[in-house]
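Accompanying notes for the structure given below.
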Amino acid sequence: MRIVDLLKKDAVTLNAKVSNKAEMIDTLVGLHNKVGNLTNAAAFKEGIMAREAQGPTAIAEGICIPHSKNAAVKNPGIAAITVPAGIDCEALDGEPSNLFFMIAAPEGGADVHLEALSRLSTILMDPDFRAKLFAAKNADEFLAEIDAKETEKYGAEVKEAAPVAPAKSGYRVLCVTACPTGIAHTYMAAEALEKAGEKLGIAVKAETNGSGGAKNILTKEEIANCDGIIVAADKNVEMARFDGKPVIKVKVADGIHKAEELVNKVVNGQAPVYHHSGEVAAESEDDETLGRQIYKHLMNGVSHMLPFVIGGGILIAIAFLLDDYSIDPSNFGMNTPVAAFFKTAGGAAFGFMLPILAGFIAMSIADRPGLMVGFVGGSIAAAGTSFANYFNPDAPVVSGGFLGALAAGFIAGYLVLALKKLTEKMPQSMDGLRPMLIYPVIGLFLMSVIMFAVNPFFAWLNTLLNNGLNSLGGANAVLLGAIVGGMMSIDMGGPFNKAAYVFGTGALAAQTDAGFQVMAAVMVGGMVPPIAIAISSWVFKNKFTDNDRKAAPVNAIMGLCFISEAAIPYAAQDPARVIPSCVIGSAVAGGLSELFGCTLRAPHGGLFVFPTVGNTMMYIVALIVGSVVGAVILGLIKKPAQN
């Protein structure tokens, strides 16, 4: 549903006479009530205030979007006011807010408020558009400006909804973007491709396969009518729908950095026609290297594993934060009822880490038949069971750990592919037996035999790695911290960054102090780049454009949240200076974290999990020193900017 469909003329007040946040909320709630969106204004206001209590809805640049999904809402809608003088709403940039949109969504229905919030946040980032809204003389002009901007941004959707489809003109390019975590690269690639199309005068629509699911999904009609599709993804996406269409498949990073080149390839008819074989593994381009394929399969497993690791890890860390060590040191984390609750809940999620990793690696290779086989293989690897335990009950049971589960995923995937190949000549009448009987039964049997046989090797390897980490001290530990910290900044979300992060989560899975120290070094290294760039832009103002400096506060906040990808736009503009500066700063932070013996039991969270960090104050020192070092180096070597 479009914004102009939700925002009625009578729900718009320009130059509203409000002097504080409370008056602003009362005014907007009154507008909703006036146009008949509410059944109970007081109950709706309670929902708005409850959302404000969770954190300010004032974003930045004078924008504030209070919202509530509420049982008191009869009709979904938006109310808007402008307050030229501005009022303090605790915005992220510390500036007063002067443009307000309040979203009301019915409880139990579709997430209208999330869709509207997403659209408003996107179009309001354009300063020229905001200026036009303030220049509007009345509500009609105000709505006309929103309609024009929304049509400009989401024109393809508007055409699709029209009763009569307009005649196709020029070229039309569709895109699908996806990265392992689905947080930053996914959306940056989509934005870059759409901007490239806008610059070239070509209609481009991008579907994002992010952490919250697929958005802006390509329709059958759009696929049928388009001239070609760009798939910029580092994990497998649904490809069967593109059968018979020209398709270019590239890394998600190419979608960011080579957007115009890719759009031009489709325009010039250089995209090869894609034929879906029904096998996920066969979907790769012929020229895709083995290393690239392995990376995609690994990242598919990691992307599905991360929610379990992050959710479970943070709850476990909270358990240790709330527990009383003096009660029973050997039972730390479970000594008090509250701590035991968090530890049990977090442990349940964390326990799925290795099976999920193996299962989705296998699924990436062999499609759905590989999921169960990989999941069981990962479980066997985690349990550490082997044939030796049945012949000798006294034989130790040692988990194969992260490495064992990693191997199990690839073994399961290629094992199921082999079974598919061996059974493809079966009579067609028996095809139903393959997914229902042969793959699960024979696949499970063979996978169990293989894992029971190789588990001792991975147990030895896992023990060797853990002992190696535990034995590190002094200069060696500092060097390891500097290496993994620096890797987090080499490509800021790319293969090097992911390799360091996967190593950190693998070390974390061992649940040892050495592993916790590695994870701490990894996270602090990933936090440095956006913060260092923000500091540098504040100190060395002549080295950055006005727009770069304006984006610095948001960049710093994203860095504090451990979102390294915020630094990518700066790195893309000047990689020869930005990347080395950030790598050095991250390496310093990672090395200092190890030197100070800082530990982290949660694999993500940034500033929000600092209370759970071991040696918190020195961890903050490591972050500050690393960020300042990176900022100073960048400021010294960067050339003056021209606005």
Side-chain angles (χ1 to χ4, degrees), residues 180-181 294-295 297-314 316-317 346-347 349-362 374-375 377-384 398-411 451 454-455 457-472 476-477 479-481 483-488 493-526 562 590 593-594 598-605:
T181 56
I294 290 174
Y295 174 75
H297 299 322
L298 171 62
M299 288 300 103
N300 192 65
V302 169
S303 66
H304 285 87
M305 174 193 76
L306 283 179
F308 293 87
V309 185
I310 294 170
I314 290 178
I316 291 172
F350 209 77
F352 283 106
M353 168 185 172
L354 300 184
I356 289 291
L357 172 68
F360 281 94
I361 288 175
F375 198 98
S379 298
I380 295 173
V398 182
S399 173
F402 190 85
L403 296 176
L406 204 65
F410 284 99
I411 292 171
M451 290 308 298
V454 301
N455 252 347
F457 167 74
F458 286 107
W460 168 81
L461 199 60
N462 192 40
T463 302
L464 187 68
L465 176 62
N466 289 335
N467 289 342
L469 288 175
N470 291 329
S471 66
L472 287 177
N476 290 331
L479 179 61
L480 177 61
I483 291 173
V484 296
M487 287 177 67
M488 292 297 290
F496 283 98
N497 174 285
K498 290 295 184 291
Y501 188 72
V502 168
F503 178 73
T505 55
L508 179 66
Q511 295 290 289
T512 63
D513 284 342
F516 299 148
Q517 288 179 11
V518 171
M519 191 67 244
V522 166
M523 189 172 84
V524 78
F562 185 33
S593 176
E594 283 278 5
C598 302
T599 58
L600 176 63
R601 297 174 183 269
H604 212 289

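Treat the numbers as computed from the prediction; the structure is a model and nothing was measured.
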Might you point out which heavy atoms bring [X] and [Y] nearest each other, and give the distance in Å?
X    : Y    : answer
M487 : A500 : CB-CB, 3.8 Å
V309 : L508 : CG1-CD2, 4.4 Å
G590 : A521 : O-CB, 3.7 Å
V524 : S593 : CG1-CB, 4.1 Å
V522 : G504 : CG2-CA, 4.1 Å
G377 : M451 : O-CE, 4.0 Å

So if I apply the side chain to side chain contact (heavy atoms under 4.5 Å, CB included) rule between I361 and each of L406, I294, N300, I356, which one comes out positive?
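Result for side chain to side chain contact (heavy atoms under 4.5 Å, CB included) with I361: L406.
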[X] [atom1] to [Y] [atom2] distance, which is reported to the nearest 0.5 Å:
X    : Y    : atom1 : atom2 : result
L403 : W460 : CG    : CH2   : 11.0 Å
M305 : M299 : CE    : CE    : 8.5 Å
Q517 : L480 : CD    : CG    : 9.5 Å
E594 : N476 : CD    : CG    : 10.5 Å
H297 : F410 : NE2   : CZ    : 7.0 Å

Residues in side-chain contact (heavy atoms from CB on, under 4.5 Å) contact with [X], at least two apart in sequence or another chain:
X    : answer
S379 : P355, F375
A317 : R601, A602, T612
I316 : F320, K343, F350

Stepwise side chain to side chain contact (heavy atoms under 4.5 Å, CB included) check, V502 with F402
CA-CA 9 Å; V502 168; F402 190 85; 3.3 Å; yes
F516 atom CZ: more than 12 heavy-atom contacts under 6.0 Å
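Atom CZ in F516 is crowded, with more than 12 foreign heavy atoms closer than 6.0 Å.
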Taking D513 for its side chain and T599 for its backbone only, find out whether a donor-acceptor pair lies under 3.5 Å.
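Answer holds: no.
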Looking at S399 and A382, would you say the former's side chain and the latter's main chain have a donor-acceptor pair under 3.5 Å?
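Pair found, side chain donor or acceptor close to backbone of A382.
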Parallel, tilted or perpendicular: rings of Y501 and F562 (30°, 60°)
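It falls in the tilted class, 30° to 60°.
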